[in-house]
Amino acid sequence: MGDEKQVIIFALDDSDHSFYALEWTLEQLIIPTGSVFKLLIIHARTSPSGIIGLAGPGASDVLDAVEADLKRTATQVMEKAKDLCSQKGVKDVEFDVQDGDARNVACDAVDRHHASLLVLGSHGYGSFKRAVLGSVSDYCSHHANCSVMIVKKPKCTKLHTAAN
């Protein structure tokens, strides 16, 4: 294990908050040349049946359309992440899309890759929305087998995400 780099897993979704957190991570934690970390960017792709509870005639057509849209979104998210890494000069990075709930995908990736750190962006939900929707970062902070860093997007920021 002497020369092996420590693994940082970044859990990415398609939100501006997530891309802000990725940019922050690339600028603050990852040194383009000679970094002590290997970065793995993961994206959880929800299953179509997890989004819609549909049965009856035409349900398979709707599921196929949703599946295609989820695949397209995952591809766009990862391409945007690759572009951002390239802009920042970060080369020691891998990208992985996994099917499943983001909470489980992130925690499973930590275990599978023996990660030292899991980084996520915060959506900044209030307590009501967090209670209704659940919080991936809250779940991971309690269940991941490594340190968890939650990067919050400030109300006023100097960083410019790849979307701008």
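No experiment lies behind these values; they were computed from the predicted model shown.
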How close do Phe37 and Asp92 get, heavy atom to heavy atom, and via which atoms? O-OD2, 4.0 Å

Okay, side chain of Ser86, backbone of Lys82: is any donor-acceptor separation there less than 3.5 Å? no

Minimum heavy-atom separation for Cys146 to Ala115, with atom names? CB-O, 3.3 Å

Restricting to non-hydrogen atoms, name the atom on Asp13 and the atom on Ser15 that form the minimum distance, rounded to 0.1 Å. OD1-OG, 2.6 Å

Is any side-chain heavy atom of Gln98 less than 4.5 Å from a side-chain heavy atom of Arg112? yes

Closest non-hydrogen atom pair, Asp138 against Ser141: O-OG, 2.8 Å

Show, in sequence, the C-alpha distance, side-chain angles and deciding distance for Phe19 and Val77, and conclude whether the side-chain contact (heavy atoms from CB on, under 4.5 Å) test is met. CA-CA 9 Å; Phe19 277 96; Val77 165; 4.1 Å; yes

Does the side chain of Thr75 reach to within under 4.5 Å of the side chain of Arg72, using non-hydrogen atoms? no

Work out which heavy atom in Gly121 is nearest to a heavy atom in Ala21; give both atom names and the distance. CA-CB, 3.5 Å

Return the CD1 to CG distance between Ile42 and Asp108, rounded to the nearest 0.5 Å. 9.0 Å

State whether the side chain of His43 and the backbone N or O of Val97 hold a donor-acceptor pair below 3.5 Å, judged by distance alone. no

Nearest heavy-atom neighbours spanning Arg103 and Cys140: O-SG, 4.1 Å

Side-chain heavy-atom pair Leu117, Leu29 within 4.5 angstrom cut-off: yes

How long is the span from the CD atom in Gln6 to the NE2 atom in His114, to the nearest 0.5 Å? 13.5 Å

Once you round to the nearest 0.5 Å, how far does CG of Leu118 lie from NE2 of His113? 12.0 Å

Nearest 0.5 Å, what's the OG1-OH distance between Thr25 and Tyr20? 9.5 Å

For the atom pair CD (Glu4) and NZ (Lys38), what is the distance rounded to the nearest 0.5 Å? 9.0 Å

Could you walk me through whether Ser147 and Ser116 satisfy the side-chain contact (heavy atoms from CB on, under 4.5 Å) test, starting with their C-alpha distance in whole Å, then the side-chain angles of each, then the deciding distance to 0.1 Å, before giving a yes or no? CA-CA 6 Å; Ser147 296; Ser116 300; over 6 Å; no

Asp83 and Lys80 ion-paired at < 4.0 Å: no

Given side-chain contact (heavy atoms from CB on, under 4.5 Å), test Ile41 with Cys85 step by step and report yes or no. CA-CA 10 Å; Ile41 298 174; Cys85 289; 3.8 Å; yes

In terms of hydrophobic clustering (I, L, V, M, F, W, Y; side-chain heavy atoms under 4.5 Å; direct or indirect links), are Tyr139 and Val110 co-clustered? no

Interatomic spacing from CG in Leu12 to CG in Asp96 - rounded to 0.5 Å: 12.0 Å

Donor-acceptor under 3.5 Å (Ser18 side chain, Asp14 main chain): no

